[in-house]
There are 2 protein chains.
Amino acid sequence: MVVGDVDAEHADRVFHALADATRRDIVAVVLRGEQSVSDLARRYPMSFAAVHKHVGVLERAGLVTKQRRGREQRVRGNADTLREAHRLLDQLEVVWRQRLDRIDAILADPPEAEPNEGASS
Amino acid sequence: MVVGDVDAEHADRVFHALADATRRDIVAVVLRGEQSVSDLARRYPMSFAAVHKHVGVLERAGLVTKQRRGREQRVRGNADTLREAHRLLDQLEVVWRQRLDRIDAILADPPEAEPNEGASS
DNA sequence: ATCTCCTACAACCATCAGGTTGTAAGTTAG
DNA sequence: CTAACTTACAACCTGATGGTTGTAGGAGAT
């Protein structure tokens with residue numbers, strides 16, 4: 001519960017996939033429009049195999065899907081997984097907002113003098 | 001160039017820092033309230049040194065700040081960097097929305113048949 | 001059929017990540 | 001002063017990452 005859902009592994013994959021500039025660029029490109037892996041490979045100063053691996057990482061994270069189209073494989077972006085990443089960030093941030101709300105409440109309605117919000121020793 | 005501004009390295013650090021369940025949990029905890037590194041270390045089934053490293057990764061990504069308080073070091077979350085991550089996700093997604101808008105525009109006001117962007121219903 | 005292009009995958013290499021243990025140093029408590 | 005606690009960091013190990021080259025097979029084009 002503290003750490004290690006099944007879902008957590010998926011989150012790991014999504015954020016790890018996004019932690020590389022080339023992969024982020026690939027996501028942006030294939031969201032704009034489908035591309036074959038070769039098309040993508042031509043865009044970056046590295047081998048086809050390297051780009052192929054990047055696409056594999058993105059695919060396993062669900063950020064991208066592949067579909068055979070004749071002899072080439074069209075890669076397209078999956079905005080749903082991006083929105084999932086947004087949701088994960090929100091889950092972290094929500095505790096922060098709750099904390100701000102709590103502080104606001106204390107400031108707005110001070111019951112007794114207790115200006116002590118952290119862990120009191 | 002196509003890939004690799006200075007900003008991109010920061011994005012790399014932020015997403016990489018988030019690509020670990022323990023670190024995401026630490027962020028959530030310290031957003032809720034300051035904790036010393038030792039406090040954090042007690043929460044997880046690993047050594048103090050390991051948690052100390054995780055905090056270092058989060059700190060270099062700007063997701064967390066440290067502040068000396070006597071003999072201990074209080075760790076607190078930085079919601080601004082989380083919002084920055086949101087912004088980065090948005091930057092990827094915006095091209096997708098633009099594409100949807102473009103398709104909407106075409107569907108709403110069809111000048112001539114111009115099937116050049118792939119999506120033909 | 002042959003040639004060319006696209007994809008897939010394996011082997012290899014250097015570096016990084018995430019964990020361990022051990023050690024040293026600063027700070028507070030007794 | 002001494003003891004306990006907290007932090008910091010170095011050395012080390014194992015596995016994953018990110019890149020390379022090479023090879024092989026499937027699909028279209030001529």
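In the text below, chain A, chain B and the rest are named by the order of the sequence lines, each starting its count at 1.
In this structure, A:R74 places its CZ atom 12 Å from C1' of C:dC6, rounding to the nearest Å. Across the protein-nucleic acid pair, A:Q35 atom CD and C:dT7 atom C1' stand 16 Å apart, rounded to whole Å. A:D12 places its CG atom 14 Å from the P atom of D:dA16, with the value rounded to the nearest Å.
Between A:R24 and B:L88 the shortest side-chain heavy-atom distance does not fall below 4.5 Å.
Taking 4.0 angstrom as the limit, B:S38 places a side-chain polar atom (N or O) nearer than this to OP1 or OP2 of D:dT7. Between B:Q73 and D:dA8, a side-chain N or O to OP1/OP2 separation shorter than 4.0 Å is present. Between D:dT7 and B:H52, no contact under 4.0 Å exists linking OP1 or OP2 to a side-chain N or O.
Considering CG of B:L63 and CZ of B:R13, their distance stands at 11.0 Å, rounded to 0.5 Å. The line from CZ of B:R69 to CD of B:E34 is 7.0 Å long, rounded to the nearest 0.5 Å.
A donor-acceptor pair under 3.5 Å is absent between the side-chain atoms of A:R23 and the main chain of A:L18, judged by distance alone.
The pair A:R83-A:D80 meets the salt-bridge criterion, since a charged nitrogen lies less than 4.0 angstrom from a carboxylate oxygen.
The shortest non-hydrogen separation linking B:A41 to B:F48 is CB-CD1, 3.8 Å. Closest non-hydrogen pair, B:L31 versus A:E93, comes out as CD1-CA, 4.5 Å.
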Quick tally for nucleotides 15-20 of chain C: nucleotides whose base has a protein heavy atom under 4.0 Å get B, sugar-phosphate-only ones S, the rest -, giving --SSBB

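Here the rule is side chain to side chain contact (heavy atoms under 4.5 Å, CB included) with A:V75, and of A:V29, A:V55, A:T65 only A:V55 fits it.
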Could you list, one pair per line, each protein nitrogen or oxygen that sits under 3.5 Å from a nitrogen or oxygen of nucleotides 26-30 of chain D, together with the distance?
none

